[in-house]
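These notes concern the structure reproduced below.
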There are 2 protein chains.
Amino acid sequence: MTNIQQVAKQAGVSVATVSRVLNGQNTVSSKTRIKVEEAIKNLNYEPSMLGRNLRNSESRILLILIPSISNPFYLEIIKGIEQIALSQNYNILLCETDSNPEKENIYFDLVRKKMADGIISMDPAVNIETLKELAEKYSIIQCSEYNLDSGIPYVTIDNEEASYRAVKHLIQIGHKKIALMNSDEKFLYARQREMGYQRALEEHEIPLNDDYIIYTKHLGFEHGQQAVKKILAIQDRPTAIFAVSDLLAIGALKEINASGLHVPKDIAVIGFDKIDFSNMTNPTLTTIAQPMYKMGTVAAEMLIDKIRGNDVDNVILNYELVLREST
Amino acid sequence: MTNIQQVAKQAGVSVATVSRVLNGQNTVSSKTRIKVEEAIKNLNYEPSMLGRNLRNSESRILLILIPSISNPFYLEIIKGIEQIALSQNYNILLCETDSNPEKENIYFDLVRKKMADGIISMDPAVNIETLKELAEKYSIIQCSEYNLDSGIPYVTIDNEEASYRAVKHLIQIGHKKIALMNSDEKFLYARQREMGYQRALEEHEIPLNDDYIIYTKHLGFEHGQQAVKKILAIQDRPTAIFAVSDLLAIGALKEINASGLHVPKDIAVIGFDKIDFSNMTNPTLTTIAQPMYKMGTVAAEMLIDKIRGNDVDNVILNYELVLREST
DNA sequence: TTGAAAGCGCTAACAT
DNA sequence: ATGTTAGCGCTTTCAA
């Protein structure tokens with residue numbers, strides 16, 4: 001491996017000058033610059049990030065914490081993060097926590113050990129106490145899921161409002177018996193979306209029916225299947241389902257089909273996120289579109305800003321109701 | 001940030017001794033070890049990977065090149081890679097190339113610049129000349145897609161045989177008019193799967209019909225939809241379709257449904273990969289299961305072996321035919 | 001405009 | 001069993 005010393009020797013200059021050329025400083029005469037560039041070419045020299053990073057005391061790596069790589073919702077966000085990261089010469093380390101605190105802690109160690117310059121956390125189940133502690137020393141942003149009192153900057157959408165909008169749509173097309181397929185109430189977004197659901201019902205004077213609210217442990221396809229079985233078994237069966245995640249809704253769709261019922265004739269279904277697959281189902285899924293790519297770019301910009309030592313503000317992005325075949 | 005010096009001072013020993021404790025060397029008396037460990041705790045010391053990595057001339061990062069993060073096929077492989085990587089104290093940098101040589105080259109630079117210790121390439125469209133050149137200086141493994149003459153070690157399945165098995169299944173359940181929905185012939189796996197398709201037909205004395213072979217540019221859902229339209233428009237319409245990727249097959253499924261035809265009554269469909277979603281469609285998809293997780297673990301083991309300077313052998317893993325509702 | 005030299009945090013060879 | 005010290009490859013301060 002050739003290093004900066006050898007380039008300097010070959011070019012007949014000092015390592016400082018080579019470094020200056022490498023970093024595009026304009027304090028180098030064009031004659032010397034050319035000499036150096038030739039030497040670099042001759043020797044096939046590639047500067048080592050290891051040396052540079054130690055010297056600059058940075059890793060130029062951003063940590064992305066997601067609960068599961070299998071949920072396409074996160075993939076679109078990641079693409080947004082990546083676009084900004086690459087343009088600013090950062091690389092991203094994608095870490096799947098499985099909502100497991102131990103795994104999470106291994107990844108937190110990466111920033112403690114200077115292997116990463118900052119974290120974008122998207123795990124709703126993240127240990128918020130640890131995260132807060134970490135946020136005192138390191139740069140951290142929360143994306144999608146967040147905590148109001150943590151002081152950690154976040155980017156998200158207005159979950160209560162989006163949920164209200166979804167349920168209101170169901171009411172407007174004539175439904176009164178509307179089930180809510182929620183995730184776990186320990187997550188802020190779950191509580192917010194439930195509040196939106198309640199507000200829409202109350203506003204239209206539809207009484208709340210606790211039997212119509214089903215909770216699932218995870219946001220997987222199979223959990224949607226299981227949950228919808230319970231809903232179908234209710235005596236006064238709902239005519240519509242609002243699922244707080246497309247994956248749940250897609251699972252519901254499949255199970256409803258299997259049970260011989262028809263969507264949307266017998267039961268209407270609306271999802272949340274607008275993942276790619278929501279357009280591939282039969283029928284296609286009506287859903288609340290989250291601006292995932294945008295959330296990613298904003299989160300990345302916020303994080304890089306924070307790493308540079310600037311203060312950053314929270315951001316609330318807009319959602320959209322996407323009408324398709326399932327309602 | 002506290003460093004090794006400060007720990008040494010606090011513990012009343014030399015930095016060498018601290019380093020020894022850090023690295024679990026047994027040449028340290030338990031008395032000193034305890035002193036050092038206490039100092040580490042007191043000072044909240046975390047060793048910097050930046051210093052260690054420069055000193056050891058390694059980054060402990062593995063580069064994973066995939067064409068698209070949206071294809072779930074790769075996600076399962078990545079999980080396998082990750083499991084091995086983490087257990088060996090490596091981290092993985094996931095890089096989506098979009099099969100774009102420029103983007104690819106940015107990522108290649110990471111290994112040239114010592115930001116990564118090796119590469120697992122899964123992009124069929126990778127610039128093989130560049131990869132070969134790189135493989136002379138750096139550790140590289142190909143996973144799933146490979147090149148016979150490159151000398152780059154690979155892990156894969158027997159595509160020809162698996163494809164033969166899929167088509168033979170269709171023949172066995174009574175089909176004679178079988179379409180092949182292939183990707184681009186410039187990819188080795190595409191050629192291999194086409195050969196398997198041909199062999200199965202020939203063996204059962206079914207004449208080859210060029211009209212029944214459709215090529216798609218990419219392995220996306222939408223490309224499956226488009227391709228199946230062409231197939232449905234053929235005068236002597238096929239009664240079965242073998243798609244070389246589940247995503248294509250799922251797109252086909254959806255489009256066939258939309259056209260009013262029924263799977264498998266009117267047209268049987270078989271896919272390839274066994275991605276999670278192949279079980280979520282209606283009907284569920286018969287498919288060739290690739291051992292994706294295993295491919296990942298093997299690839300990671302091979303790469304780490306190679307980084308350590310060992311020679312590694314190519315590996316061919318087993319596939320499986322998974323019968324479900326679509327045939 | 002350029003060079004000499006210090007130092008980022010760590011490991012390991014060598015000495016004791 | 002422990003310490004001294006060189007050096008990994010780079011950037012930057014200071015001096016010329």
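Convention: sequence-line order gives letters A, B, ...; per-chain numbering from 1.
Regarding A:Lys113, its NZ atom lies at a distance of 11 Å from the P atom of C:dC10, rounded to whole Å. The CD-P distance, from A:Glu58 to C:dG9, rounds to 14 Å in whole Å.
With rounding to the nearest 0.5 Å, the separation of CZ in B:Phe73 from CD1 in B:Ile66 is 11.0 Å. Put simply, CD on A:Glu96 and CG on A:Asn71 are 10.5 Å apart, with the number rounded to the nearest 0.5 Å. Note: B:Gln142 CD to B:Asn147 CG = 4.5 Å, rounded to the nearest 0.5 Å. Taking CZ from B:Arg112 and CG from A:Asn44, the interatomic distance works out to 9.0 Å, rounded to the nearest 0.5 Å.
For C:dT1, neither phosphate oxygen OP1 nor OP2 lies less than 4.0 angstrom from any side-chain nitrogen or oxygen of A:Thr17.
Counting non-hydrogen atoms under 4.0 angstrom, A:Thr27 reaches a base of the nucleic acid. Using a 4.0 Å heavy-atom cutoff across all strands shown, B:Leu54 reaches at least one base atom of the nucleic acid.
Between B:Leu43 and B:Thr2, the closest heavy-atom pair is O-CG2, 3.4 Å. The shortest non-hydrogen separation linking A:Ile140 to A:Leu303 is N-CD1, 4.2 Å. Minimum heavy-atom separation, B:Lys35 to B:Gly12: NZ-O, 4.5 Å. Minimum heavy-atom separation, B:Gln83 to B:Thr297: OE1-CG2, 3.9 Å.
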Evaluation steps, side-chain hydrogen bond (donor to acceptor under 3.5 Å, both in side chains), between A:Arg33 and A:Gln25:
CA-CA 10 Å; A:Arg33 179 182 304 278; A:Gln25 270 159 274; over 6 Å; no

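Annotation: of the two residues near DNA chain D, B:Lys114 and B:Gly12, the 5′-most nearest-nucleotide partner is B:Gly12.
Contacts of A:Tyr154 classified as ring-ring contact (aromatic ring centres under 6.0 Å, His included), with partners at least two apart in sequence or in another chain: A:Tyr146. With sequence neighbours excluded, no residue forms a side chain to side chain donor-acceptor pair (under 3.5 Å) with B:Ser48.
When the C1' atoms of four end pairs are superposed on the next four at each end of the helix from C:dT1-D:dA16 to C:dT16-D:dA1, using five pairs per end, the two resulting axes differ in direction by 40°, to 10°.
Taking 4.0 Å as the cutoff to heavy atoms of chain A, we find the contact window on DNA chain D bounded by D:dG9 to D:dT13.
Side chain of A:Ser59 to main chain of A:Met115: a donor-acceptor pair is present (N/O by atom type, distance under 3.5 Å, no hydrogens or angles).
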Spell out protein contact along nucleotides 11-16 of chain C as letters: B when the base is contacted, S when just the sugar-phosphate is, - when no protein heavy atom is under 4.0 Å; keep the 5' to 3' order.
BBB---

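With respect to A:Ile64, the side-chain contact (heavy atoms from CB on, under 4.5 Å) criterion is satisfied by exactly one of A:Ile120, A:Ile77, A:Leu93: A:Ile120.
The stretch residues 31-42 of chain A touches DNA chain C through A:Thr32, each having a heavy atom within less than 4.0 Å of the strand.
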